[in-house]
2 protein chains.
Amino acid sequence: MRSSGSLSRDTNVLNRLRAAGLRPTRQRLALAKLLFAHGPRHVTAESLFNEARGNLSLATVYNALHDFTEKGLLREISIKSGQSYFDTNTTAHHHFYFEKTGKLQDVPLESVQISSLPEAPMGETISRVEVVIRLAR
Amino acid sequence: MRSSGSLSRDTNVLNRLRAAGLRPTRQRLALAKLLFAHGPRHVTAESLFNEARGNLSLATVYNALHDFTEKGLLREISIKSGQSYFDTNTTAHHHFYFEKTGKLQDVPLESVQISSLPEAPMGETISRVEVVIRLAR
DNA sequence: ACGAATTCTAGAATAATTCTAATCTGAGAA
DNA sequence: TTCTCAGATTAGAATTATTCTAGAATTCGT
Ligand SMILES: [Mn+2]
Ligand SMILES: [Mn+2]
Ligand SMILES: [Zn+2]
Ligand SMILES: [Zn+2]
């Protein structure tokens with residue numbers, strides 16, 4: 001018997017929310033399970049709402065996505081005008097962007113070697129370097 | 001006497017539109033002059049509309065920005081959710097993004113040395129690599 | 001279970017952008 | 001020059017993404 005049945009998966013997700021200081025409500029648990037129970041994902045408020053359909057409102061999806069982001073469980077990404085993506089992979093990494101389909105795909109940090117960067121402007125501090133590799137339309 | 005008076009500046013902007021296959025209408029000339037008559041700029045539909053105020057509608061600003069972009073006179077940039085930037089610098093280059101103010105600043109191409117990149121996914125072609133250097137909030 | 005704080009929800013509101021349909025105009029033809 | 005009309009402009013409506021509001025429901029420490 002394995003230790004990754006649906007009970008322990010639920011428990012993991014619940015603990016994850018607790019650890020982040022978020023109340024594990026029914027709605028948040030449902031969303032967190034969709035987001036975190038499998039591999040890394042890049043979702044849209046709309047796409048996540050569609051997956052969770054029937055059990056919660058769109059406003060709650062936005063609330064949860066922002067709450068999760070503030071607590072460091074998600075990262076918000078803007079590559080396309082008009083709609084934000086939320087990334088379950090919060091570790092430093094980069095992205096392929098498929099212009100044809102609007103999909104994102106992770107690029108491991110070490111796949112992109114940056115051998116020199118400019119100095120930050122006076123009084124500023126670099127908080128993160130993001131590389132987007134666009135794939136032709 | 002120099003050759004960069006306002007007459008020749010108007011002429012240059014007009015020729016630029018002609019060369020791009022765009023009719024040099026009054027509205028486009030006004031916008032092109034704001035965009036191209038001085039150094040490189042990063043504008044928003046709203047910010048450009050405010051500069052041109054009174055002489056054209058916001059819909060026209062959007063039309064012009066998209067027309068210019070299609071003809072290669074501008075580049076559209078999405079770094080922030082909710083609003084697009086348009087960049088008058090269409091050569092390959094990167095950006096500093098000031099999280100505090102929402103402003104962009106050009107980073108010359110050669111200031112960022114990328115010594116290795118991942119292969120494009122099967123059947124895909126890299127069309128451009130964009131680096132955004134975020135400056136702490 | 002009680003109560004305070006937090007969260008959820010639907011719908012209204014807002015903000016950015018796109019669409020529509022009427023009107024206008026630049027620029028080549030005559 | 002004047003004529004023509006494809007293409008451009010316009011204001012406002014429409015659409016889309018997102019945020020706000022205010023009341024109802026839930027969570028959780030006690
Ligand atoms: Mn705004
Ligand atoms: Mn949509
Ligand atoms: Zn990612
Ligand atoms: Zn730029």
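Every heavy atom of this structure was used, including side-chain atoms; hydrogens, water molecules and symmetry mates were not. Throughout, a chain's letter reflects where its sequence line sits, starting with A, and its residues are numbered from 1.
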Would B:Arg18 and B:Asn15 count as having a side-chain donor-acceptor pair, cut-off 3.5 Å? no
Select one nucleotide: of D:dA11, C:dT18, D:dA17, the one nearest the side-chain heavy atoms of A:Tyr62. D:dA17
Once you round it to whole Å, what is the distance between P of D:dA8 and CD of B:Gln27? 12 Å
Check every strand shown and say whether A:Leu56 touches a base, only sugar-phosphate, or nothing at a heavy-atom separation below 4.0 Å. sugar-phosphate
Going only through I, L, V, M, F, W and Y residues with side-chain contacts under 4.5 Å, is there a path from A:Leu135 to A:Ile77? no
Within 45° cone of A:Phe36 ring axis and under 6.0 Å: A:Arg16 NZ or CZ: yes
Contact string for nucleotides 19-30 of chain C, one letter per nucleotide 5' to 3', B = base within protein heavy-atom range under 4.0 Å, S = sugar-phosphate only, - = neither, reads B-------S---
Please figure out whether B:Gly21 or B:Ser57 has its closest DNA chain D nucleotide nearer the 5' end. B:Gly21
Taking A:Glu124 first and then B:Arg134, would you say they form a salt bridge - that is, a charged N and a carboxylate O separated by under 4.0 Å? no
Do A:Ser78 and B:Ser81 pair up side chain to side chain, a donor and an acceptor below 3.5 Å, judged on atom types alone? no
Side-chain donor-acceptor pair present, B:Thr69, B:Glu76, cut-off under 3.5 Å: no
Below 4.0 angstrom from OP1 or OP2 of D:dT19, is there any side-chain N or O of A:His66? yes
